[in-house]
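Quick caveat, the model's predicted, so the values are computed rather than measured. So you know, we letter chains A, B, ... as the sequences are listed, proteins then strands, and number each from 1.
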2 protein chains.
Amino acid sequence: MGVFSKTCEYAMRAVFFIAHKTAPGGRVGIKEIANGIDSPEHFLAKILQDLSRRGIVRSAKGPNGGFYLDESALKRPLSDIVEAVDGKGIFLGCGLGIKQCSEINPCPLHHEFKAIRNQIHHMMYKTTIGEFNEDLDLGITALKK
Amino acid sequence: MGVFSKTCEYAMRAVFFIAHKTAPGGRVGIKEIANGIDSPEHFLAKILQDLSRRGIVRSAKGPNGGFYLDESALKRPLSDIVEAVDGKGIFLGCGLGIKQCSEINPCPLHHEFKAIRNQIHHMMYKTTIGEFNEDLDLGITALKK
DNA sequence: GGCATAAAAGATATAAAACTCTTTTGTTAT
DNA sequence: ATAACAAAAGAGTTTTATATCTTTTATGCC
Ligand code: FES
Ligand code: FES
């Protein structure tokens, strides 16, 4: 696996996709999202259900239903999604897996690892869900392949 | 999970432990290692078997047997262990999980993620297996709790 | 040789993550 | 009201990661 779980990767890509597709208003259905980010449809549905319960995305059933975001969601940091799905472990845990990362009982990598871990956190925290809409529009960045 | 798999975490801690314990020569048994890094004994045995097959650690059966390292191993980069256990995915894969991380078809996080990923790689590559023996001796750093 | 030691190898077991399928519930439009 | 639509919920299955247990093989010592 990479740095994040597959579930988390799908979650992030899906949210970016929803942000992009519904920027002009409207909703986007699970099939289109799954297709747009190249993920298994039913599995993604589960993930989005969860994000919906946690208030990160919104959803509507029935005709013209689908997923969308409210205004405030676009300004949320990406770290909210990571924490919702994978927990805070990645931002706080020891690189060598000892029970408790601390200054008092540090592992050999502590100093250097902490710096990198904080950078990951910082990157995810300053990145907002909505900030890539333009790039996606222009095709400068992509969410699959 | 953290950045690395549990298997990989155990592997790194075990190798540091072996490096430390056998610095003066001799070998160290699986029980002592498992105890010293707080890991399940039989599971760790599997991991070390694997590292042994890959030539990262050495082992000897019978009385006074156990695990040890040859000279050159102490100078190996930690990244060798990570690659042996988790593969290169963590050093090369896309942060959002798209099939292929590339400059041509980058995901929204590509630029920033790549920088961090390279730092992880660099940290693991410049860190050698033997370089923490002194700190461990002095109790400045620890491999459990 | 015979015994003790200790890792290697093999076979399972358990749990968690990843993925699939079916049914239910709520919505909209006719 | 009913038919079509689309997500929610529930109940699986499959795969991968993690962990345990048992048997075999190699080594050193007497
Ligand atoms: S103790 Fe290992 S990273 Fe802090
Ligand atoms: S394409 Fe996502 S990190 Fe390079």
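- Pairs of residues two or more places apart, or lying in two chains, never qualify as ring pair (Phe, Tyr, Trp, His ring centres under 6.0 Å) while including a residue from residues 53-77 of chain B.
- Near DNA chain C, meaning a heavy atom under 4.0 Å away, there are no residues from residues 81-98 of chain B.
- Using modelled atom types, one side-chain atom of B:Lys144 and one backbone atom of B:Asn35 make a donor-acceptor pair closer than 3.5 Å.
- Residue B:Asn35 contributes atom CG, which lies 17 Å from atom C1' of C:dA6 at whole-angstrom precision.
- In this structure B:Glu131 satisfies the salt bridge (Lys or Arg N to Asp or Glu O under 4.0 Å) test with no other residue, sequence neighbours excluded.
- Contact detail for A:Val28 and A:Phe17: the closest heavy-atom pair is CG2-CE2, 4.0 Å.
- When the P atom of D:dA7 is taken as reference, atom CG of A:Asn64 falls 11 Å away, rounded to whole Å.
- Only one option out of B:Glu83, B:Met12, B:Gln119 pairs with B:Met124 in a side-chain contact (heavy atoms from CB on, under 4.5 Å); it is B:Met12.
- In this structure, B:Tyr68 atom OH and C:dA7 atom P are separated by 12 Å, rounded to whole Å.
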Pairs under 3.5 angstrom only: tabulate donor-acceptor contacts from the side chains of residues 106-117 of chain B to other protein residues two or more places apart or in another chain.
from, atom 1, to, atom 2, distance (Å)
B:His110, NE2, B:Glu103, OE1, 3.4
B:His110, NE2, B:Glu103, OE2, 3.2
B:Glu112, OE1, A:Lys126, NZ, 2.8
B:Glu112, OE2, A:Lys126, NZ, 3.2
B:Lys114, NZ, B:Glu103, OE2, 2.5
B:Arg117, NE, B:Phe91, O, 3.4
B:Arg117, NH1, B:Leu92, O, 2.9
B:Arg117, NH1, B:Gly93, O, 2.8

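- Other cluster members for A:Ile140: A:Leu138, joined by side-chain heavy-atom distances under 4.5 Å among Ile, Leu, Val, Met, Phe, Trp and Tyr.
- In this structure, CZ of A:Arg27 is placed 12 Å from P of D:dA8, rounded to the nearest angstrom.
- The distance from atom CZ of B:Phe4 to atom P of D:dA17 is 16 Å, rounded to the nearest whole Å.
- The ring pair (Phe, Tyr, Trp, His ring centres under 6.0 Å) analysis of residues 122-145 of chain B, with sequence neighbours excluded, yields the pairs B:Phe16-B:Phe132.
- Under a 3.5 Å cut-off, the side chain of B:Arg76 and the backbone N or O of B:Ile56 do not form any donor-acceptor pair.
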Tabulate below the donor-acceptor pairs under 3.5 Å that side-chain atoms of residues 38-50 of chain B make, not counting sequence neighbours, or state none.
from, atom 1, to, atom 2, distance (Å)
B:Asp38, OD2, A:Lys99, NZ, 3.2
B:Asp50, OD1, B:Arg53, NH1, 3.1
B:Asp50, OD2, B:Arg54, NE, 3.1

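- The side chain to side chain contact (heavy atoms under 4.5 Å, CB included) check on A:Ala142 picks up B:Asn105, with sequence neighbours excluded.
- Each end of the helix from C:dG1-D:dC30 to C:dT30-D:dA1 gets its own axis from five base pairs, and the two axes differ in direction by 0°, given to 10 degrees.
- A:Glu32 places its CD atom 11 Å from the P atom of D:dA6, with the value rounded to the nearest Å.
- Near DNA chain C, meaning a heavy atom under 4.0 Å from it, residues 47-63 of chain B has B:Gln49, B:Ser52, B:Arg53, B:Ser59, B:Ala60, B:Lys61, B:Gly62, B:Pro63 in order of number.
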Tabulate below the donor-acceptor pairs under 3.5 Å that side-chain atoms of residues 57-66 of chain A make, not counting sequence neighbours, or state none.
none

Can you give me the N/O atom pairs linking the protein to nucleotides 18-20 of chain C at distances under 3.5 Å, or say none if there are none?
from, atom 1, to, atom 2, distance (Å)
C:dA18, OP1, A:Lys6, N, 3.2
C:dA18, OP2, A:Thr7, OG1, 2.7
C:dC19, OP2, A:Tyr10, OH, 3.2

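- With B:Asp86 contributing its side chain and B:Phe4 its backbone, the two residues share no donor-acceptor pair below 3.5 Å.
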